[in-house]
Amino acid sequence: MLESSILEGLNPEQRRAVEITEGPLLVLAGAGSGKTRVLVHRIAYLVGVCGIPPEQILAVTFTNKAAGEMRERVEKLLGPDAHGLWVTTFHSACVRILRRDAGHLGFSRGFAIYDEDDSLSLVKEALRRHGKDPKVEDPRRLRWRIDQWKNKGWLPARAAEAAHDLESEEAADLYATYQRLLVESNALDFGDLILQTTQLFERFPEVLAHYRRRWNYVLVDEYQDTNRVQYELVRQLVSEHTNICVVGDPNQSIYAWRGANVRNIMDFEREYPDTQVVKLERNYRSTRAILEGASQVVANNETSGDLRLQAQREGGEKIRFFEAADDREEAAFVVRQILATIRREARSPRDFAIFYRTNAQSRSFEDEMLRYDVPYTIVGGMRFYERAEVKDALAYLRVALNPADAAALRRIVNAPPRGIGKTTLERADLLAQQHGVTLLEGLHRFAASGEAGRATNPIREFSMLIDDLAREVRTRTPSDAIAHVLQRTGYLKQLEADGTPEAEARLENLRELVSAAEDFSVESADPDSEPRTATELFLDQVALVSDVDGWDRRAERVSLMTVHSAKGLEFPFVYVVGLEEGIFPHAASSRDAAGLEEERRLFYVAMTRAMERLTLACARERRRYGSRTFGVPSRFLREIPESLIEGSLPREQRGAPAGEASLDYEHAQTEYDETGSEIPKGMRVRHAVFGIGTVLDVQGRGPAQKLRIRFDRVGVKTLLLRFANLEPA
DNA sequence: TCTGTAGGCGTTTTT
DNA sequence: CGCCTACAGA
């Protein structure tokens, strides 16, 4: 491997970050400064130039998407030499480690991974066992507290130690019960994946020694978003050789609410003596006004990283701003802008992204996208694997593979309805507790006791069903296993009998699940990992998917997502919407100074995604929970120097006269007025998205006028003239 | 045990 | 507003 080909195209700082291979290295990488590039080339350099065997390198990121891209790019540089390299997420890495050695901690290798829902059902169970009313105690709050403890690396004992009032003591107590329930279910929640791994390393030094010997070089991406227990995990792995390279940007720390601790990156130099620091301050992504505006905003934070970003791109336009009368107009404006830009500047829909603070805001944009026939994709929101029918199908697999999985069992014991209701389950559970057996075994014994009444037969049949599945699932491919489950359980039959559009949608989702399972391929197994069936690996993967993982940058669609999901991405045209007090910054997180600063960093992240054109929007009025609310423009807008903004910002007072404060450049209204004239049948027209077509038919008059058009590429479509943005071809 | 409906409640962001 | 839960009736 030629050294020059790996270092080629790197600027001097990037090059330094690649060449310092030994000892602790802190890379402070500003937005758009090429940090992924550095990570990729660093790995390639270690292997290709320094001759480090790839299996000695561990690179950790936060999303599978980021990991996948990094692995891909490394493989492109190294080819087959990359074999044995671990480029993965914290959570996946821990799962692989725990699959091997979780036995030490009282879990079996087949442990389940609990998502938020599963974990919540266990929290409720813990509350019940403490005789608490879930209505008074709010299980979600308790789950949240437990999660925060885990993020700090606290076991129940430590939480109890820190408790200084009755309420906290009870909560710590409940944490202990919850943890016991997890062990009984042979399950770990998200927080456990990391926490239990650190426990494993702490209590079993020979296990830790194994991995210490293995990984001589560790790289961590997005280090500003690591929490305490992740910090601890990294420290355990590298404390001897300290070949640790972390990359991050304190200004992009946006996960404190989830337990991330910026101190990890701020104090890195103190934690690791002799740290070398590289700053990447050249921004290759954004034009000047965008970068300057974003920097000015984040400079308002009391604590901020001391990076001074320099725009490498010349020229460019100012930041745009639009104040809409209401949320509907906001959405209509943005979508029309996108259509007009696609048409006038010959751009693809994939060049555009709309970012909002909360998922709920996606709706109005989705409506407008549908209305204008703009292809779009929504990242996040209701995730595919969170749909009830999908979770049900997977829960059957889980029970088949891990009969102790109580949360999965509760999900499916009566889905479809088979006469095993709440009381039956409660009595079986009691029996299980008394005998110290699993819930499934409790059901079995309940039926055998002769006290189950009319539930006796349903339970017997259910037991046989699970036995059958346990046999079948192990020997089939993931997709066959799912198909078998859906067939054998009567789940399909029930949905087919239903016949409603909702049932049809669910069937469609299940077909989608089967095909996702078909596409699943077992990656070249690591020689270090335990052998597992493909279905087990499929379940692991599903448990750890993130919102952005499914996003495809090549798809010809406009992307809609929350700002959190947008981190790490870039688009030529970015719209940041809903810039009103209470929404962005969000009311719930701007209570204290720290929360507000995180909101500001979030806005900074949103702005710095834009490459060419950044448009900010807010609405004076908004429908929320079905009623109208009036908004005040976000304080963040005023933190951008006016000279960087085209036109003027809204006045500060609420209720400024309509139109006066808003700047309607591009004149969205006239956008369709100019095509508002009559279009004769047979005319050749051009549509921004569908291309050129022939008008077949004109229906109606005035604003409701519809056109049937046969497009050369995509066939016949019916469009509302007023929104179609047609022009003569 | 199952199904329909009326109220209540929520929204921050997520591996 | 729309989803989910709790509850009443069969």
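Quick note on labels: first sequence line is chain A, next is B, and so on, each numbered from 1.
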- Task: Would you kindly check if the NZ (Lys) or CZ (Arg) of Arg601(A) is within the cone defined by 45 degrees around the ring axis of Tyr604(A) and under 6.0 Å from the six-membered ring centre?
- Result: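 Judged by the rule (NZ or CZ under 6.0 Å from the ring centre, within 45° of its axis), Arg601(A) is not positioned above Tyr604(A).
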Quick one: are the ring centres of [X] and [Y] less than 6.0 Å apart?
{"X": "Phe365(A)", "Y": "Tyr376(A)", "result": "no"}
{"X": "Trp144(A)", "Y": "Tyr175(A)", "result": "no"}
{"X": "Tyr255(A)", "Y": "His564(A)", "result": "yes"}
{"X": "Phe90(A)", "Y": "Phe62(A)", "result": "yes"}

- Hey, are the side chains of Thr377(A) and Leu560(A) touching, using non-hydrogen atoms and a 4.5 Å cut-off?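 No, their side chains stay 4.5 Å or more apart.
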Tell me: [atom1] of [X] to [atom2] of [N], nearest whole Å?
{"X": "Asn261(A)", "N": "dT15(B)", "atom1": "CG", "atom2": "P", "answer": "20 Å"}
{"X": "Ile194(A)", "N": "dT14(B)", "atom1": "CD1", "atom2": "C1'", "answer": "13 Å"}
{"X": "Leu425(A)", "N": "dT1(B)", "atom1": "CG", "atom2": "P", "answer": "10 Å"}
{"X": "Gln541(A)", "N": "dT15(B)", "atom1": "CD", "atom2": "P", "answer": "14 Å"}
{"X": "Met561(A)", "N": "dT14(B)", "atom1": "CE", "atom2": "C1'", "answer": "15 Å"}
{"X": "Leu120(A)", "N": "dC4(C)", "atom1": "CG", "atom2": "C1'", "answer": "13 Å"}
{"X": "Lys150(A)", "N": "dT14(B)", "atom1": "NZ", "atom2": "C1'", "answer": "16 Å"}
{"X": "Arg363(A)", "N": "dC1(C)", "atom1": "CZ", "atom2": "P", "answer": "11 Å"}

- For dC2(B), does either OP1 or OP2 sit under 4.0 Å from a side-chain N or O belonging to Asn414(A)? yes
- Can you tell me if the side-chain N/O atoms of Ser627(A) get under 4.0 Å from OP1 or OP2 in dC1(C)? no
- Please check if the side chain of Tyr231(A) supplies one atom and the backbone of Arg263(A) the other of a donor-acceptor pair under 3.5 Å.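 No, the answer is negative, given that no donor and acceptor are paired below the 3.5 Å cut-off.
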- Query: Picking from Arg143(A), Arg398(A), Arg411(A), Lys124(A), what satisfies salt bridge (charged side-chain N to carboxylate O under 4.0 Å, His left out) with Asp118(A)?
  - Reply: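 Checked Arg143(A), Arg398(A), Arg411(A), Lys124(A) against Asp118(A); only one passes salt bridge (charged side-chain N to carboxylate O under 4.0 Å, His left out): Arg398(A).
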- Item | Euclidean distance for C1', dT12(B) against dT5(C) (whole angstrom) |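 Roughly 22 Å separates the two C1' atoms.
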- Map Gly421(A) and Phe90(A) onto DNA chain B by nearest heavy atom, then report which one ends up closer to the 5' terminus. Gly421(A)
- Given DNA chain B, 5'-ward residue of the pair Asp147(A) and Thr424(A), judged by closest heavy atom: Thr424(A)
- State whether Arg624(A) and Asp327(A) are salt-bridged, where the test is any N-O pair (Lys NZ or Arg NE/NH1/NH2 against Asp/Glu carboxylate O) under 4.0 Å. no
- Query: For DNA chain B, what residues of residues 59-68 of chain A have any heavy atom nearer than 4.0 Å?
  - Reply: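 Hits under 4.0 Å, by residue number: Phe62(A).
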- Heavy atoms under 4.0 Å is the rule here; annotate nucleotides 5-13 of chain B 5' to 3' with B where the base is hit, S where only the sugar-phosphate is, and - elsewhere. -----BBBB
- Report which part of the nucleic acid Arg418(A) touches: base, sugar-phosphate, or nothing (heavy-atom distance under 4.0 Å, all strands).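 The residue Arg418(A) makes sugar-phosphate contact but no base contact.
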